[in-house]
Protein chains: 4
Amino acid sequence: MAALNTNLIAEKAGVSVGTLYQYFPNKETIAAELVRRLRAEMRADILQAVAATQGSNIHDTALAMVRASIKHHTRAPGLVRVLEAAEAELPLDEEARHAKAQVHKDLVAVLVAHDIDRPEIASVDLAAMAEGMVHAAIQRGEEDIDDITARVFRAVCGYLNI
Amino acid sequence: MAALNTNLIAEKAGVSVGTLYQYFPNKETIAAELVRRLRAEMRADILQAVAATQGSNIHDTALAMVRASIKHHTRAPGLVRVLEAAEAELPLDEEARHAKAQVHKDLVAVLVAHDIDRPEIASVDLAAMAEGMVHAAIQRGEEDIDDITARVFRAVCGYLNI
Amino acid sequence: MAALNTNLIAEKAGVSVGTLYQYFPNKETIAAELVRRLRAEMRADILQAVAATQGSNIHDTALAMVRASIKHHTRAPGLVRVLEAAEAELPLDEEARHAKAQVHKDLVAVLVAHDIDRPEIASVDLAAMAEGMVHAAIQRGEEDIDDITARVFRAVCGYLNI
Amino acid sequence: MAALNTNLIAEKAGVSVGTLYQYFPNKETIAAELVRRLRAEMRADILQAVAATQGSNIHDTALAMVRASIKHHTRAPGLVRVLEAAEAELPLDEEARHAKAQVHKDLVAVLVAHDIDRPEIASVDLAAMAEGMVHAAIQRGEEDIDDITARVFRAVCGYLNI
DNA sequence: CATGAATGAGTCTTCATTCAT
DNA sequence: CATGAATGAAGACTCATTCAT
C-alpha cells in the first residue's frame with residue numbers, strides 16, 4: 001500500500017528510513033506504532049468529551065463522543081483511513097492492542113454507567129457504525145461537520161433505543 | 001497487497017497469469033472487475049430482498065435488506081474486505097462504477113418510495129453504517145447472523161426515525 | 001524484439017500462431033526462414049542486375065548492383081532492418097545460410113570476373129558498406145534513390161580502385 | 001533483447017537492479033545512458049584523432065579517424081553492436097541525442113575545413129559506411145586492424161574523391 | 001528518532017510455445 | 001501453412017530492509 005511506504009513514512013516523519021529502522025524492527029511495528037498513536041489521540045478526544053459531559057444524560061454524552069470521533073477523522077483523513085484499513089491485517093504489538101482496547105474500555109464504561117444492555121457488543125457496534133459513516137462522508141468530501149454529526153447521532157440513538 | 005496478488009488471483013480463478021492478462025490489460029482493471037462482480041452480486045441480493053417485501057412496510061424491507069447485506073459479507077469475507085478497502089484507491093472503470101452506482105440507485109428508490117428525507121444521503125449513510133457494523137462483526141468471528149441483523153436493524157431504524 | 005513477435009508475424013502472414021508452429025519448431029527457425037526469403041529475393045535482384053549488364057565494364061555492373069541493393073531496402077524497410085539485425089545473433093539453419101552464401105558467391109564471381117583483388121574480402125566489405133549507407137539513408141527518410149545510389153557508388157569505386 | 005536485460009546490465013555494472021532503478025526510471029533510459037556513454041567515448045577518440053593530425057592533409061585526418069572508429073568497435077564489440085542496433089528504436093533522451101549529435105558535428109567540422117561538398121550528408125554517409133564495414137569485419141572475427149583500416153580508408157577516399 | 005545508497009526477494013507483465021478443438 | 005485460448009518461464013520494476021559512513 002503506497003500510503004504505508006516506509007520511505008514515505010520516514011519522509012513525513014522528517015527522518016531517514018535508516019533512523020526509522022533503528023527504532024522499529026520492521027514495517028509492521030512501524031504501522032503498529034502509528035495505530036497506537038492514532039488510538040491514543042482518539043482516546044484523549046473521547047475522554048475529554050466524556051469528562052465535559054460528566055453528569056449529563058446519555059444523549060449529551062453520545063453527541064459529544066460522536067463529535068470527538070468525527071474530529072479524529074478530520075485531522076488526517078488519509079492516514080486514518082489507511083491505518084484503519086491496515087489495522088485489521090496487522091499483527092499489532094502489545095502497546096497498540098492496549099491503546100485500542102483502552103478506547104473500547106472507556107466506551108464500555110460510559111455505556112455501563114448509563115445502563116446500556118450488552119455494553120461490550122454495543123461498544124464495538126457503535127464504534128464500527130460511527131467509523132463507517134464518518135469515513136464515507138469524509139471521503140465523499142462532505143464538510144458540514146454538524147450535519148454528519150446529526151446523522152450519526154440518529155443512528156446511535158436508534159441503536160441504543162434512547 | 002498479498003490478497004490482490006495477480007498470481008494469487010489467477011490461481012484462485014483457476015487459470016494462469018497469462019490468461020488473466022489476455023482479458024485485462026493490468027492489475028488495476030483486474031481488481032476493478034472483481035469489484036464490479038462484488039457489487040453486481042450485492043445488488044442481486046438486495047433486489048431480491050426488495051422484491052420479496054414488495055408492498056410491505058419499510059420495517060420489513062429494511063430488515064430484508066440488512067439481511068442481504070450480511071449475506072453478502074458472509075460469502076467470501078476475505079475478498080469482500082480486501083476489495084472494499086481497495087475500492088477507494090482504485091481507478092474503477094465505467095462498468096465497475098456503474099455496478100456500484102446501481103446498488104446506490106436501488107436503495108435510493110426504496111427510500112423514496114417510503115418518503116424518507118434526503119434519500120441520496122440516507123442511502124450512502126445506511127450502506128456505510130451497515131457495512132461498518134457487519135464488517136466488524138464478521139471479522140471478530142461473530143456467527144449469530146440473526147443477532148447481528150437485529151443490531152444493525154436497530155441502528156437503521158434509528159437513523160430513519162421509524 | 002517487438003517486430004519479431006511471433007503473434008505479429010503470424011498476423012502479417014495471415015495465419016494463426018498455431019499454424020506457424022506446425023511448420024516451424026520455434027521462433028528462431030521462423031526468423032531464419034524470413035532471412036532466407038529476404039536473401040533469396042536479394043539474390044534475384046542482384047542476378048538480374050548482373051545479367052542486365054553482362055559484358056559491360058565493372059562500373060556499369062557495380063552501379064546496377066548498388067541499385068539492386070537499394071531496391072531491396074526500399075521494399076520493406078522495417079522488416080529488412082529488423083532481420084538484418086537479427087541475422088547476426090540468429091542460429092541460421094542450413095537453408096538460410098545457403099541463401100546468404102549464394103548472394104556472397106554471386107558477388108565474388110562478379111569480382112573475380114573483373115580481376116578484383118581478394119574478392120572474398122571485397123565481397124563482404126562491399127555488402128557491408130552498401131548496407132550500412134543505404135540503411136542509414138532510408139532510415140533518415142531520404143527518398144532520392146538516385147542520389148543515394150551515386151554516393152554509394154562513389155564509395156564502391158573508391159574501395160575497388162576503379 | 002537478451003543483451004539489454006536489466007538484470008544483466010546491473011550485474012555487468014557491478015550493482016544490483018534496485019540500484020540501477022534508483023538512478024533511471026526505466027529500461028529505456030538505462031539503454032539511452034549506455035548509448036550516451038558510447039557516443040561520448042567515440043567522440044573523445046575522434047577528437048583526439050583530429051587533434052593529433054591538426055594541420056595535416058585530409059588523408060591523414062581521415063586515416064586517423066577511421067582508426068579511431070575501429071578502436072571504438074574493438075573495445076566492447078558485443079555492447080557496441082547491441083547498442084547501435086537499439087539506438088534506432090530507442091527513444092533517446094536529450095543527453096543521448098546530444099552526444100550523438102556532437103560526434104556528427106565534429107565530423108562535419110572536419111569536412112568543412114577540408115572543403116568537402118555537402119558535408120552534412122557526407123558525415124552520415126562516412127559514419128554509416130565505416131560502421132558497416134568495421135562492424136562486419138569485427139563480427140567475422142578479423143583481427144588485423146591495419147588491414148581493416150586500409151580497406152575502410154579506400155572506401156572513404158573514394159567517397160570523398162580525394 | 002542519523003543517513004540514504006545499495007540490496008534482492010517479490011510483484012507485475014510479456015511472449016514463445018502448446019494443445020484441445 | 002487450422003485455430004487461438006491457455007500456459008508459465010523470463011524479464012521489468014518496487015520497496016522493505018541493511019550497513020557503511
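Residue numbers begin at 1 in each chain, while the letters A, B, ... track the order of the sequences.
- Rounded to an integer number of Å, the gap from C:L4 CG to E:dT14 P is 19 Å.
- Helical stems in DNA chain E, defined as runs of 3 or more consecutive Watson-Crick or G-U wobble pairs with donor-acceptor distances under 3.5 Å: E:2-21 with F:2-21.
- Annotation: side-chain hydrogen bond (donor to acceptor under 3.5 Å, both in side chains) contacts of C:E131 (sequence neighbours excluded): none.
- Here the C1' atom of nucleotide F:dG8 and the CG atom of B:L20 are 13 Å apart, to the nearest Å.
- Remark: A:Q139 CD to A:R81 CZ distance equals 4.0 Å, nearest 0.5 Å.
- Salt-bridge annotation for B:R36 and B:E87: absent, with no side-chain N of the basic residue lying under 4.0 Å from a carboxylate O of the acidic one.
- Of the candidates E:dT3, F:dG4, F:dT7, E:dT3 carries the atom nearest the A:S16 side chain, counting heavy atoms from C-beta on.
- Looking at C:S69, its side chain never comes within 3.5 Å of a backbone N or O of C:M65 through a donor-acceptor pair.
- Taking side-chain N and O atoms only, B:N5 has no distance below 4.0 Å to OP1 or OP2 of E:dG10.
- Between D:V15 and A:F24, it is A:F24 whose nearest contact on DNA chain E lies nearer the 5' terminus.
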Report all side-chain donor-acceptor pairs from residues 90-98 of chain A shorter than 3.5 Å, counting only partners two or more places apart or in another chain.
from  : atom 1 : to     : atom 2 : distance (Å)
A:D93 : OD1    : A:E95  : N      : 3.4
A:D93 : OD1    : A:A96  : N      : 2.9
A:E94 : OE1    : A:R97  : NH1    : 3.4
A:R97 : NE     : A:L92  : O      : 3.3
A:R97 : NH2    : A:L92  : O      : 3.2
A:H98 : NE2    : A:Q102 : NE2    : 3.2

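- Scored by the side chain to side chain contact (heavy atoms under 4.5 Å, CB included) test, D:V124 finds C:R140, D:H104 as partners (sequence neighbours excluded).
- Distance CG (A:L8) to P (F:dC15): 10 Å, rounded to an integer number of Å.
- Here F:dA16 presents its P atom at 21 Å from OH of A:Y23, a figure rounded to the nearest Å.
- With rounding to whole Å, C:L34 atom CG is found 13 Å from F:dC1 atom C1'.
- Distance alone, capped at 3.5 Å, is enough to place a donor-acceptor pair between the D:N26 side chain and the D:T29 backbone.
- Applying the side-chain hydrogen bond (donor to acceptor under 3.5 Å, both in side chains) definition to pairs two or more places apart or across chains, those involving residues 6-16 of chain D are D:S16-D:T19.
- Look at B:R37 and B:E41 and you find no salt bridge, because none of the NZ, NE, NH1 or NH2 atoms lies under 4.0 Å from a carboxylate O.
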Tabulate atom names and distances for all N/O pairs under 3.5 angstrom spanning the protein and nucleotides 17-21 of chain F.
from   : atom 1 : to    : atom 2 : distance (Å)
F:dT17 : OP2    : A:Y21 : OH     : 2.6
F:dT17 : OP2    : A:K27 : N      : 2.5
F:dT17 : O5'    : A:Y21 : OH     : 3.4

